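Structure record follows, encoded as structure tokens.
Owing to the predicted nature of the structure, the values given are computational and were not obtained by experimental measurement.
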Amino acid sequence: MKNKFLKVAVAGLIMLASSANAGIIASTDFDNRTVAGDTASNLDWILDGLSSPGDLSADYNLFDTTDSQNKFAVDRNLSNEGDWIVDISLNLLYQNNISLSSLTLDAYIFNNSGNFQNVQRNLDIAVSLFDSSNIFLKEFTLLDDIFANNGAFTNVNGHNVSVDLEGYFLLANNDYILRLTGSGEGNGNNAGFDNLVINGDLTSVPEPTSLAIFALGVMGLAARRFKKQS
């Protein structure tokens, strides 16, 4: 009977702390964004379980050309000038833990003038996770040569890709950085992306008062059971 009582109590605690909600935790389509130097502002974020990541900045200036409108496009030739990085803040609210699910985006290649590249180029995007102190936590699957074997080159429409974030667990009320690193080869190989979506599963964290009430209830049941047995 004691074991049965313990199992019921544990099950109740799990139910109290594990109301899950799966779906989009952060996304933006970059529509109507404004560009100043290396920063895209006025982003319309859709959020769940996070505070707003705010503006997005690269470590190099962004294009603001006709073809790069409503996109995040970095004016850096990946072959001649090296990789670029973009950090996305994942600042969790206190109510939920998050199990990361996937990241999707539409990838683009631009020439050195900021126009759509009309020749197939190599583009790799690495996705990694850091804590708020910029300490490395996790490297996810590399998006390798995104436009390879793409049939007719469809850069103008973008190429949708997805990264498995492997259910990596983020704790409520903590801050993380999801970093995208672009790299590649070939002249006239500047890159960008659009329609960024981060998916995850939210698990509610019970309020301290809820835990206290639950604990008092369990203690009361235990006291009654002890009284009956004695």
Side-chain angles (χ1 to χ4, degrees), residues 26-45 53 55-89 100-130 136 138-166 177-199:
S27 72
T28 181
D29 56 13
F30 297 99
D31 286 359
N32 302 314
R33 60 95 182 106
T34 57
V35 165
D38 62 359
T39 302
S41 305
N42 300 321
L43 305 182
D44 186 16
W45 288 100
D55 301 341
L56 284 189
S57 298
D59 59 346
Y60 213 74
N61 284 343
L62 303 178
F63 281 124
D64 195 20
T65 59
T66 299
D67 285 350
S68 66
Q69 286 295 310
N70 301 326
K71 297 174 180 60
F72 190 95
V74 186
D75 181 9
R76 185 179 180 93
N77 188 296
L78 295 170
S79 177
N80 301 332
E81 298 171 314
D83 303 350
W84 48 253
I85 64 171
V86 179
D87 286 345
I88 305 166
S89 298
L100 295 174
S101 176
S102 64
L103 176 147
T104 64
L105 55 81
D106 295 332
Y108 291 85
I109 299 287
F110 298 87
N111 63 25
N112 294 328
S113 299
N115 302 317
F116 288 130
Q117 177 59 267
N118 57 12
V119 179
Q120 189 159 319
R121 297 296 191 210
N122 170 257
L123 171 61
D124 306 329
I125 296 180
V127 181
S128 48
L129 186 72
F130 296 79
F136 173 79
K138 176 71 176 177
E139 182 81 28
F140 299 104
T141 302
L142 170 71
L143 292 171
D144 186 26
D145 203 358
I146 289 171
F147 288 94
N149 305 315
N150 196 32
F153 190 54
T154 57
N155 178 54
V156 172
N157 299 320
H159 189 50
N160 184 258
V161 291
S162 178
V163 177
D164 182 2
L165 300 182
E166 304 174 14
I177 299 167
L178 195 65
R179 176 169 295 170
L180 309 184
T181 302
S183 59
E185 300 174 353
N187 295 328
N189 190 5
N190 303 265
F193 55 88
D194 193 10
N195 299 319
L196 174 72
V197 179
I198 304 169
N199 294 294

Check: R121 and E185 side chains under 4.5 Å, non-hydrogen atoms: no
F147 and H159 aromatic ring geometry - parallel, tilted or perpendicular at 30°/60° bounds: tilted
4.5 Å side-chain heavy-atom contact, D75 and W84: no
Any donor-acceptor N/O pair, Q117 side chain to G188 backbone, under 3.5 Å: yes
For G184 against N189, the heavy-atom pair lying closest together: C-ND2, 3.8 Å
Pair D164-T141, side-chain hydrogen bond (donor to acceptor under 3.5 Å, both in side chains): steps then yes or no: CA-CA 7 Å; D164 182 2; T141 302; over 6 Å; no
Heavy-atom side-chain proximity of L178 to F140 below 4.5 angstrom: yes
Sub-4.5 Å side-chain heavy-atom contact between D124 and D83: no
Exercise: do T34 and N42 side chains pair donor with acceptor under 3.5 Å: yes
Residue pair D29 / N195, side-chain donor-acceptor N/O under 3.5 Å: no
Atom of S162, atom of L143 and distance for their closest heavy-atom approach: O-CD2, 3.6 Å
Residue list, side chain to side chain donor-acceptor pair (under 3.5 Å) with N61, at least two apart or on another chain: none
Worked check of side-chain contact (heavy atoms from CB on, under 4.5 Å) between L196 and L103: CA-CA 7 Å; L196 174 72; L103 176 147; 4.0 Å; yes
L129 side, atom CG; L100 side, atom CG - distance, nearest 0.5 Å: 6.5 Å
Stepwise side-chain contact (heavy atoms from CB on, under 4.5 Å) test for V127 and L165: CA-CA 9 Å; V127 181; L165 300 182; 4.2 Å; yes
Side chain to side chain donor-acceptor pair (under 3.5 Å) partners of T39, counting only residues at least two apart: S57
For the student: nearest non-hydrogen atoms of D67 and G114, plus distance: CB-O, 3.8 Å
Residue pair T65 / S113: nearest heavy atoms and the distance that separates them: CG2-O, 3.6 Å
Interatomic distance, N112 atom CG to N80 atom CG [nearest 0.5 angstrom]: 7.5 Å
Listed partners of N70 passing side chain to side chain donor-acceptor pair (under 3.5 Å), at least two apart: none
Backbone N/O of S101 and side chain of N199: donor-acceptor pair under 3.5 Å: no
Cation-pi geometry met for R179 and F130 (6.0 Å, 45°): yes
Q120 versus A148, closest heavy-atom pair with distance: NE2-CA, 3.6 Å
Check against side-chain contact (heavy atoms from CB on, under 4.5 Å), N157 and F116: CA-CA 10 Å; N157 299 320; F116 288 130; over 6 Å; no
Full working for side-chain contact (heavy atoms from CB on, under 4.5 Å) between F193 and L123: CA-CA 11 Å; F193 55 88; L123 171 61; over 6 Å; no
Test item: T28 and F72 side chains (from C-beta on) under 4.5 Å apart, heavy atoms: no
Full working for salt bridge (charged side-chain N to carboxylate O under 4.0 Å, His left out) between R33 and D64: CA-CA 10 Å; R33 60 95 182 106; D64 195 20; 3.2 Å; yes
Rounded distance [0.5 Å steps], CG in D38 versus CG in L62: 6.5 Å
Heavy-atom check, side chain of V163 versus side chain of V161, under 4.5 Å: no
Interatomic spacing from OG in S128 to CG in L142 - rounded to 0.5 Å: 10.5 Å
Contact summary for D59 and I85, nearest pair of heavy atoms: OD1-N, 3.1 Å
Interatomic spacing from CG in N111 to CG in N155 - rounded to 0.5 Å: 9.5 Å
D44 and N32, any side-chain heavy atoms less than 4.5 Å apart: no
Side-chain donor or acceptor of N77 paired with backbone N/O of E81 under 3.5 Å: no
Flag side-chain contact, heavy atom, 4.5 Å: N190 against V74: no
Value rounded to 0.5 Å, distance of CG in D194 from OH in Y108: 5.0 Å
